[in-house]
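Just the heavy atoms: all of them, side chains too, but no hydrogens, waters or symmetry mates, feed the values below. Count residues from 1 along the sequence.
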Amino acid sequence: MTDTLTSAPTLNKFEKLKAEKDGLAVKAELEQYAQLGWEAMDETDRDHRLKWLGVFFRPVTPGQFMMRMRIPNGILTSGQTRVLGEILQRYGDDGTADITTRQNVQLRGIRIEDLPEIFRKFDQAGLTSVQSGMDNVRNITGSPVAGIDADELIDTRGLVRKVQDMITNNGRGNPSFSNLPRKFNIAIAGCRDNSVHAEINDIAFVPAFKDRTLGFNVLVGGFFSAKRCDAAIPLNAWIDPRDVVAVCEAILTVYRDLGLRANRQKSRLMWLIDEMGLDQFREAVEKQLGHAFLPAAAKDEILWDKRDHIGIHAQKQPGLNYVGLHVPVGRLFAQDFFDLARIAEVYGSGEVRFTVEQNLIIPNVPDSRVSALLREPIVKRFSIEPQNLSRALVSCTGAQFCNFALIETKNRAVALIQELEQDLYCPRPVRIHWTGCPNSCGQPQVADIGLMGTKVRKDGRTVEGADLYMGGKVGKHAELGTCVRKSIPCEDLKPILQEILIEQFGARPWADLPESARPAHTALITLDRPIAETPNGKSTTQEFEYVLSSPPVIKAPTVVVTPATVSFAKSGKDVTCTQNDFILDVADQAEVSIESSCRSGTCGSCKCTLLEGEVRYDGEPDALDDSDRAAKQILTCIARPVGRIVLDA
């Protein structure tokens with residue numbers, strides 16, 4: 001074994017590629033990429049550096065990229081909304097979009113040859129996707145009803161915009177903050193209901209009064225990862241709203257300069273706070289800021305349970321309303337963007353807003369226009385009165401488009417929730433969140449019921465499954481839920497969730513209720529695109545056929561199956577398999593015990609020593625550091641054998 005104790009620290013793969021070339025540098029090469037095509041591009045630029053521009057290569061849909069926007073505070077103009085629809089429209093059935101849990105939008109089906117034109121459209125419309133991926137600050141969230149909520153404390157719109165402009169150099173890209181140790185999340189709360197999930201952000205500003213002056217208490221360090229999940233902790237700092245931008249800049253600078261970079265599994269801000277100690281971290285930020293913080297206010301103003309903003313709500317402006325529409329698991333198509341832009345202009349003020357629950361809001365609708373808006377076909381598609389289980393359903397993208405996901409999520413989440421709603425009456429919304437892997441984009445830890453994708457063994461075969469999380473709370477007493485049961489096959493989830501809903505959330509079988517209590521008609525939700533589309537953006541759809549969509553069929557080259565052998569030295573077993581099999585699945589079939597908490601190559605619990613042979617990975621094995629590689633450790637959950645290999649297992 002190589003002795004690593006006296007070795008000088010080395011850079012991991014991602015730190016090396018950042019040191020070789022700043023990710024923002026690829027912006028000048030877009031025209032060249034468009035001419036070359038995705039297959040001829042430099043792989044490091046394609047797979048990694050393009051993420052600095054918000055462009056993501058997706059191995060699940062080769063040649064069809066994902067673009068992650070930056071939508072500060074989740075607010076678009078109708079013109080910007082229409083531009084997103086135009087971009088998707090050119091891709092036909094391949095063009096889809098998802099509202100994310102950070103009030104943002106991700107576009108799918110994008111072709112590399114169209115990027116120069118797309119970025120020109122962004123510039124003309126005042127849109128940007130810069131620095132929305134990799135080791136950058138992600139979309140900055142704020143109250144979705146900022147400026148219109150009658151009980152608002154602080155209007156977050158201007159603050160969020162100023163922070164984004166500081167970080168991204170007004171959307172042009174800012175090398176000062178393009179090389180953080182890891183990704184970074186910021187949220188600014190302005191209302192009393194914690195609509196931004198302050199507790200899961202690296203920096204969160206929460207409204208608080210100090211000596212009768214309204215400002216913010218500062219929280220730091222909240223994050224999710226496969227290895228660890230932590231709620232943000234108080235920095236013991238109260239700041240004036242005018243200092244928000246400066247405080248963000250100071251904390252980011254400290255994190256950039258002092259953050260841990262050797263092991264990407266221990267590189268988020270909370271790991272640095274642990275390393276330094278909270279007091280020393282606070283002092284470092286104060287030094288960067290140039291003055292000491294005032295101690296935090298004794299209490300903050302998060303006093304309410306969290307609102308979902310679905311339905312019709314009076315604004316603080318007399319005679320105006322905001323209308324919250326439920327978008328099933330956040331899925332949108334080109335026609336939806338056109339319809340939303342049109343109704344925002346006709347009935348509102350030309351503005352569309354997104355929420356962290358993957359829904360949307362049309363603000364500034366006069367009393368006189370509400371009835372007409374509710375007759376629009378899109379309000380049949382995106383209801384203002386969804387059933388209580390559908391209403392609070394959240395899902396990540398899942399295996400349909402994401403190569404990290406271990407299971408399909410969106411279609412499965414919708415299908416299962418509709419089955420449950422056919423069987424049960426639930427008296428209140430129950431927040432059920434799905435995430436396809438331990439990276440937790442679907443945020444199961446903040447849900448009443450969270451489901452995290454995994455692979456499980458059932459009847460001698462590997463099937464899609466989920467770990468069950470319970471106890472997440474949002475609003476005034478926010479806390480993270482915990483895993484209460486592991487490795488449930490997805491096909492066995494329905495009776496388990498029925499029992500939980502009945503015993504813990506007051507649900508009752510419809511059969512136990514009088515016939516008169518059941519709704520006369522229950523519209524099923526859909527992930528299908530609108531039936532009819534027209535080039536001018538006017539929907540001709542009058543009624544919707546509510547059918548669950550199927551994942552798209554991706555044409556792939558024929559795969560040649562090459563045999564392989566995995567020998568388990570300790571167990572004395574030799575197993576014949578193929579070079580396409582994951583080694584952990586081979587071990588499961590041979591009943592060789594190897595633990596794995598994530599089955600996605602992120603937690604590192606499945607490490608084994610490779611005694612002979614070689615393995616391959618589809619992506620980068622992030623959970624291996626240099627000492628692991630020197631010791632010939634492999635991640636069995638994402639490694640595939642090449643020929644014959646021997647493992648110390």
Side-chain angles (χ1 to χ4, degrees), residues 67 69-91 95-100 102-109 121-122 125-127 139 144-146 148 308-313 315 320-366 369-386 525-544:
M67 290 194 76
M69 304 303 298
R70 294 195 75 95
I71 304 177
N73 217 112
I75 300 175
L76 290 176
T77 67
S78 57
Q80 292 170 331
T81 305
R82 191 171 285 110
V83 166
L84 298 184
E86 290 169 354
I87 290 170
L88 288 182
Q89 190 179 48
R90 72 176 68 188
Y91 300 115
T96 64
D98 291 319
I99 305 171
T100 76
R102 294 203 65 78
Q103 293 179 290
N104 203 4
V105 172
Q106 296 182 162
L107 309 177
R108 302 185 185 280
K121 279 181 172 286
F122 285 175
L127 291 166
N139 199 54
V145 289
I148 60 176
D308 63 16
H309 304 294
I310 296 172
I312 304 165
H313 304 270
Q315 296 179 192
L320 295 181
N321 308 272
Y322 68 86
V323 180
L325 304 180
H326 172 249
V327 183
V329 291
R331 177 60 51 83
L332 296 170
F333 299 96
Q335 186 65 38
D336 297 323
F337 284 99
F338 294 140
D339 289 341
L340 291 170
R342 180 178 58 81
I343 66 171
E345 291 171 343
V346 172
Y347 302 101
S349 59
E351 189 175 270
V352 177
R353 302 185 178 202
F354 302 111
T355 75
V356 298
E357 291 83 22
Q358 300 179 311
N359 297 314
L360 59 86
I361 293 169
I362 305 297
N364 302 313
V365 180
R369 296 183 185 175
V370 171
S371 295
L373 171 59
L374 299 186
R375 290 194 295 270
E376 285 282 344
I378 196 169
V379 182
K380 299 179 186 293
R381 181 175 171 82
F382 301 148
S383 174
I384 63 166
E385 295 179 313
I525 58 178
T526 176
L527 296 192
D528 272 356
R529 67 186 62 247
I531 293 173
E533 297 182 5
T534 54
N536 61 6
K538 293 182 179 178
S539 173
T540 59
T541 305
Q542 297 301 315
E543 298 293 337
F544 288 91

For the residue pair [X] and [Y], establish whether any side-chain heavy-atom pair is separated by less than 4.5 Å.
{"X": "Asn139", "Y": "Thr100", "result": "no"}
{"X": "Thr81", "Y": "Leu84", "result": "no"}
{"X": "Leu332", "Y": "Leu88", "result": "no"}
{"X": "Arg82", "Y": "Phe338", "result": "yes"}
{"X": "Val356", "Y": "Arg102", "result": "no"}
{"X": "Met69", "Y": "Leu76", "result": "no"}
{"X": "His309", "Y": "Asn359", "result": "no"}

Distance-minimising heavy-atom pair for [X] and [Y]:
{"X": "Phe333", "Y": "Gly95", "answer": "CD2-O, 3.9 Å"}
{"X": "Leu325", "Y": "Phe382", "answer": "CD2-O, 3.5 Å"}
{"X": "Thr355", "Y": "Pro144", "answer": "CG2-CB, 4.0 Å"}
{"X": "Gln315", "Y": "Tyr322", "answer": "OE1-N, 3.4 Å"}
{"X": "Ile362", "Y": "Ala344", "answer": "CG2-CA, 4.1 Å"}
{"X": "Val352", "Y": "Leu340", "answer": "CG2-O, 4.0 Å"}

Would you confirm whether [X], through its side chain, and [Y], through its main-chain N or O, come within 3.5 Å as a donor-acceptor pair?
{"X": "Asn73", "Y": "Ile75", "value": "no"}
{"X": "Gln80", "Y": "Ala125", "value": "yes"}
{"X": "Arg353", "Y": "Ala146", "value": "yes"}
{"X": "Gln103", "Y": "Phe354", "value": "yes"}
{"X": "Arg369", "Y": "Val346", "value": "yes"}
{"X": "Gln358", "Y": "Ile99", "value": "yes"}
{"X": "Asn321", "Y": "Val365", "value": "yes"}

Any chance you could measure [X], atom [atom1], to [Y], atom [atom2], to the nearest 0.5 Å?
{"X": "Asp339", "Y": "Glu376", "atom1": "CG", "atom2": "CD", "result": "7.5 Å"}
{"X": "Ser383", "Y": "Ile378", "atom1": "OG", "atom2": "CD1", "result": "12.0 Å"}
{"X": "Arg70", "Y": "Leu127", "atom1": "CZ", "atom2": "CG", "result": "12.5 Å"}

Quiz prompt | Worked verdict on Phe337 versus Val105 for side chain to side chain contact (heavy atoms under 4.5 Å, CB included) | solution = CA-CA 11 Å; Phe337 284 99; Val105 172; 4.1 Å; yes
Sorted by chain and residue number, the ring-ring contact (aromatic ring centres under 6.0 Å, His included) partners of Phe122 (sequence neighbours excluded) come out as Phe119
- request: Go through the steps for Asp336 and Arg381 under the test salt bridge (Lys or Arg N to Asp or Glu O under 4.0 Å), then give the verdict.
  value: CA-CA 9 Å; Asp336 297 323; Arg381 181 175 171 82; 3.0 Å; yes
Inset, instruction - Determine, stepwise, if the pair Ile148 / Leu320 fulfils side chain to side chain contact (heavy atoms under 4.5 Å, CB included). - result: CA-CA 9 Å; Ile148 60 176; Leu320 295 181; over 6 Å; no
